[in-house]
Asks: 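Provided herewith is a single structure, encoded as structure tokens, for subsequent inquiry.
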Amino acid sequence: MAKEKKSVFFCKECGYESAKWLGQCPGCKEWNSFVEMTQDSFKRAQKAGAKTSAINIAAKTTPTSLSDINLEKEDRLLTGMNELDRVLGGGIVPGSLVLVGGDPGIGKSTLLLQVCQRLSGQKDVLYISGEESLKQIKMRAERVGGFSDKFKLLCETDLDIITETIDKVSPDIVVIDSIQTMYKEDVAAAPGSVSQVRESTSILMQIAKGKGITVFIVGHVTKEGTVAGPRMLEHMVDTVLYFEGERHASYRILRGVKNRFGSTNEIGVFEMQETGLKEVPNPSEFMLAGMPEGASGSVVTCSIEGTRPILLEIQALVCRTNFGMPRRTAAGIDYNRVNLLMAVLEKRLGYQLSECDAYVNVTGGIKMNEPSMDLGIVMALISSYRDIPVPGKTIMFGEIGLTGEVRGVSKVQQRVAEAKRLGYKNCVVPEANAESVKGISGINIIAVSNIREAVDVLFNKNNI
Ligand code: TYD
Ligand code: MG
């Protein structure tokens with residue numbers, strides 16, 4: 001009779017180990033964080049972690065000074081999709097493990113299929129799907145365009161077979177769609193469970209690091225918005241990209257949240273079309289398309305995402321509440337930030353907002369969290385409350401402090417230049433930043449140092 005496999009339990013938040021299941025982790029005090037793993041696979045995962053943490057560093061036991069380490073020129077592989085290359089930090093790093101997360105139906109499979117298509121001209125690509133049949137993938141591929149013979153498909157979920165196939169085919173790029181469908185025989189848990197996901201990822205990591213193959217992993221997102229499975233998944237991979245956007249709108253935003261080979265917070269903008277995803281090189285125009293003119297409660301602001309300025313429309317609707325408890329919602333921006341800004345408005349300018357419902361929305365379904373949007377949010381709220389539109393062709397940005405002061409922000413020249421490029425005539429900027437943009441011609445710069453001044457300029461005087 002086969003020996004019964006022993007299990008260990010560990011906390012998926014902090015890694016605390018225990019011989020039995022515990023409701024609350026003694027290590028990090030998290031509830032319900034214990035998951036089961038067989039002892040064999042646990043040891044293997046530990047070993048894998050140790051192996052990969054020493055990637056490519058020669059097994060030296062003596063410390064080395066930085067100047068003695070020779071870096072070969074990093075040869076990055078360009079996918080030819082500029083939006084993706086930029087988010088990756090300038091192309092694909094060979095041997096890296098990239099996780100692409102996102103809601104179902106957002107376009108993860110389409111994006112990776114298109115990456116395969118672009119790369120299959122020069123590299124051997126293996127696309128492994130555990131979700132769709134060969135025919136389904138073929139149908140999708142036909143919409144996306146022509147593929148070379150270097151593109152190979154495999155429908156499989158057993159990681160032992162996948163490892164074997166990779167050994168046989170030795171591709172340069174592997175796509176795993178999705179990690180939640182993959183399983184390893186000897187882990188006694190269902191595919192998609194924490195231990196399976198963890199084990200599968202560690203095997204894929206060994207493949208990536210050991211053979212220098214770039215592996216793209218598709219990961220589904222849970223209701224809370226993180227990739228399903230252990231948090232460790234995000235720690236294990238080199239790069240984490242999230243694909244977001246509203247399913248019913250056509251644009252999609254690819255956001256870098258972790259990148260060992262480049263900066264994060266870069267975004268790439270795509271549009272979903274009949275023939276797959278198309279890049280959007282000028283997101284500002286895209287975000288402002290269809291903006292109403294002369295409507296109260298609508299304001300244009302500029303946010304910096306990574307290295308790019310993007311103009312956005314903020315809309316607010318403030319109306320008298322029907323119930324004792326005012327309703328507030330925020331879409332695309334932080335709800336608490338909106339509450340805070342409304343409290344500042346109430347205290348500093350005396351608006352009776354506690355009797356009003358307020359709905360604030362960044363149009364286009366994009367999520368932004370830059371403090372420079374504060375001024376735009378506040379002015380949109382006031383514009384709706386007083387039912388006066390802001391003057392036409394005007395943009396504004398600036399962070400707002402608790403005393404109602406408008407504080408300086410970074411990359412002001414870039415923001416103003418983008419506004420000018422799109423034909424804006426007036427730009428309301430923080431006083432602290434005014435000096436650096438005074439020289440820019442063709443756009444009227446208005447400096448304000450607190451929200452009272454901004455209200456004067458935008459709503460009380462007819463000077464712009
Ligand atoms: P998909 O890549 O299957 O999403 P995911 O892998 O993230 O679950 O994207 C599916 C959606 O994209 C689907 O609703 C149809 C749409 N789509 C197009 O509009 N045009 C196309 O050319 C393709 C391939 C998909
Ligand atoms: Mg898919």
Side-chain angles (χ1 to χ4, degrees), residues 79-81 83-84 87-88 97-120 125-148 151-157 159 162 173-183 191-192 196-197 200-201 204 214-229 233-234 237 239-257 267-280 286 289 364-367:
T79 62
M81 285 178 137
E83 297 292 305
L84 175 66
V87 178
L88 286 171
L97 197 60
V98 182
L99 176 69
V100 180
D103 289 332
I106 205 79
K108 302 178 293 295
S109 307
T110 309
L111 177 74
L112 290 176
L113 197 65
Q114 284 183 268
V115 170
C116 290
Q117 186 214 2
R118 303 263 178 145
L119 293 175
S120 65
V125 183
L126 178 61
Y127 186 98
I128 302 167
S129 179
E131 300 199 334
E132 289 161 303
S133 67
L134 290 173
K135 284 215 176 94
Q136 282 175 311
I137 301 171
K138 166 96 182 172
M139 266 155 61
R140 189 197 297 267
E142 275 184 348
R143 299 168 74 173
V144 165
F147 283 76
S148 92
F151 175 68
K152 295 277 181 321
L153 268 175
L154 177 70
C155 289
E156 186 54 70
T157 50
L159 267 165
I162 290 173
I173 316 274
V174 172
V175 174
I176 302 285
D177 189 0
S178 65
I179 193 73
Q180 276 86 12
T181 55
M182 300 296 151
Y183 74 97
Q196 281 290 5
V197 168
S200 307
T201 312
L204 292 169
T214 303
V215 181
F216 284 93
I217 300 176
V218 171
H220 291 294
V221 162
T222 60
K223 254 197 235 119
E224 294 90 53
T226 52
V227 175
L233 187 55
E234 286 186 24
V237 301
T239 305
V240 181
L241 309 179
Y242 274 100
F243 212 28
E244 58 191 42
E246 275 177 44
R247 197 155 9 141
H248 305 292
S250 61
Y251 51 79
R252 303 280 186 267
I253 288 146
L254 187 68
R255 192 185 290 276
V257 267
I267 64 167
V269 185
F270 297 87
E271 191 183 353
M272 182 62 96
Q273 295 187 342
E274 284 289 292
T275 52
L277 290 157
K278 202 170 151 279
E279 297 172 59
V280 178
F286 202 74
I366 190 167
K367 288 196 193 80

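Note that ligands are numbered from 1 as they come in the structure, with each ligand's atoms numbered from 1 the same way.
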Asks: Look at atom 6 (O) of ligand 1 and say which protein heavy atom is nearest, naming residue and atom and giving the distance to 0.1 Å.
Replies: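 Protein heavy atom at minimum distance: S109 OG, 2.5 Å.
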
Asks: Evaluate side-chain contact (heavy atoms from CB on, under 4.5 Å) for Y127 paired with S120, printing each intermediate quantity in order.
Replies: CA-CA 11 Å; Y127 186 98; S120 65; over 6 Å; no

Asks: Is the distance between the Mg ion (ligand 2) and the nearest N/O/S atom of S109 smaller than 2.8 Å?
Replies: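 An N, O or S atom of S109 is closer than 2.8 Å to the Mg ion (ligand 2), so yes.
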
Asks: Can you check whether D103's main-chain N or O pairs, donor with acceptor, with K108's side chain at less than 3.5 Å?
Replies: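 Yes, the answer is positive, given that a donor and an acceptor are paired below the 3.5 Å cut-off.
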
Asks: Evaluate side-chain contact (heavy atoms from CB on, under 4.5 Å) for V280 paired with Y251, printing each intermediate quantity in order.
Replies: CA-CA 9 Å; V280 178; Y251 51 79; 5.7 Å; no

Asks: Can you report which non-hydrogen protein atom sits closest to atom 8 (O) of ligand 1, along with the distance?
Replies: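 It is G105 N, 2.7 Å.
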
Asks: From F216 CZ over to T239 OG1, what is the distance, rounded to the nearest 0.5 angstrom?
Replies: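 F216 CZ to T239 OG1: 8.5 Å, rounded to 0.5 Å.
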
Asks: Within the distance-only criterion (no hydrogens, no angle test), does the side chain of R140 pair as donor or acceptor with the backbone N or O of L113 below 3.5 angstrom?
Replies: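 The answer is no, because no donor-acceptor pair under 3.5 Å joins these two groups.
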
Asks: I want to check something: taking the side chain as every heavy atom from C-beta on, are I106 and L111 in contact at a cut-off of under 4.5 Å?
Replies: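 When only atoms from C-beta onward are counted, L111 and I106 do not touch, as no gap falls below 4.5 Å.
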
Asks: Just need the protein heavy atom nearest to atom 4 (O) of ligand 1, so name the residue and atom and give the distance.
Replies: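 Residue, atom and distance for the closest contact: G107 N, 3.1 Å.
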
Asks: Please state which part of K108 comes within less than 4.0 Å of ligand 1, counting heavy atoms only: side chain, backbone, both or neither.
Replies: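 The answer is both.
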
Asks: If you look at every heavy atom in S200 and I179, which pair is closest and at what distance?
Replies: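 Looks like CB-CD1, 3.7 Å.
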
Asks: For atom 1 (P) of ligand 1, what is the nearest protein heavy atom, given as residue, atom name and distance?
Replies: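 Protein heavy atom at minimum distance: R140 NH1, 3.4 Å.
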
Asks: Once you round to the nearest 0.5 Å, how far does CD1 of I137 lie from CG of D177?
Replies: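 Rounded to the nearest 0.5 Å, the CD1-CG separation comes out at 7.5 Å.
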
Asks: Quick one: does atom 15 (C) of ligand 1 have a protein heavy atom under 4.0 Å from it?
Replies: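 So far as the 4.0 Å threshold goes, atom 15 (C) of ligand 1 is out of reach of every protein heavy atom.
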
Asks: Find all atoms of ligand 1 within a distance of less than 4.0 Å from any non-hydrogen atom belonging to T275, and give their numbers and elements.
Replies: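 Going through ligand 1 atom by atom, the ones under 4.0 Å from T275 are 22 (O).
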
Asks: If you measure from each heavy atom of G102 to ligand 1, is any distance below 4.0 Å?
Replies: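 Checking ligand 1 against G102, which is what was asked, there is no heavy-atom contact under 4.0 Å.
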
Asks: Can you tell me the protein heavy atom closest to atom 20 (N) of ligand 1 and the distance?
Replies: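 Its nearest protein heavy-atom neighbour is Q273 O, 2.7 Å.
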
Asks: Test of understanding: given a 4.0 Å heavy-atom threshold, classify the contact between L111 and ligand 1 as side chain, backbone, both, or neither.
Replies: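 It is neither; nothing of L111 touches ligand 1.
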
Asks: Short N/O distance, under 3.5 Å, between V144 and ligand 1?
Replies: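 Not met; the criterion fails.
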
Asks: Once you restrict to heavy atoms under 4.0 Å, what part of P104 touches ligand 1? Side chain, backbone, both or neither.
Replies: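 Backbone only.
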
Asks: Can you name the nearest heavy-atom pair linking L99 to E234, along with the distance?
Replies: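 L99 and E234 have their closest heavy atoms at CD2-CG, 4.3 Å.
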
Asks: If hydrogens are left out, which of M272, E142, Q136, E274 has an atom nearest to atom 18 (C) of ligand 1, that is, the closest non-hydrogen atom?
Replies: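 Minimum heavy-atom distance to atom 18 (C) of ligand 1 goes to M272.
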
Asks: Which of these, L241, V237, V218, sits in a side-chain contact (heavy atoms from CB on, under 4.5 Å) with V98?
Replies: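 Of all the options given, the one that passes is L241.
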
Asks: Among protein heavy atoms, which sits nearest to atom 2 (O) of ligand 1, and what does the distance come to when rounded to 0.1 Å?
Replies: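 Going by distance alone, atom 2 (O) of ligand 1 is nearest to T110 OG1, 2.6 Å.
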
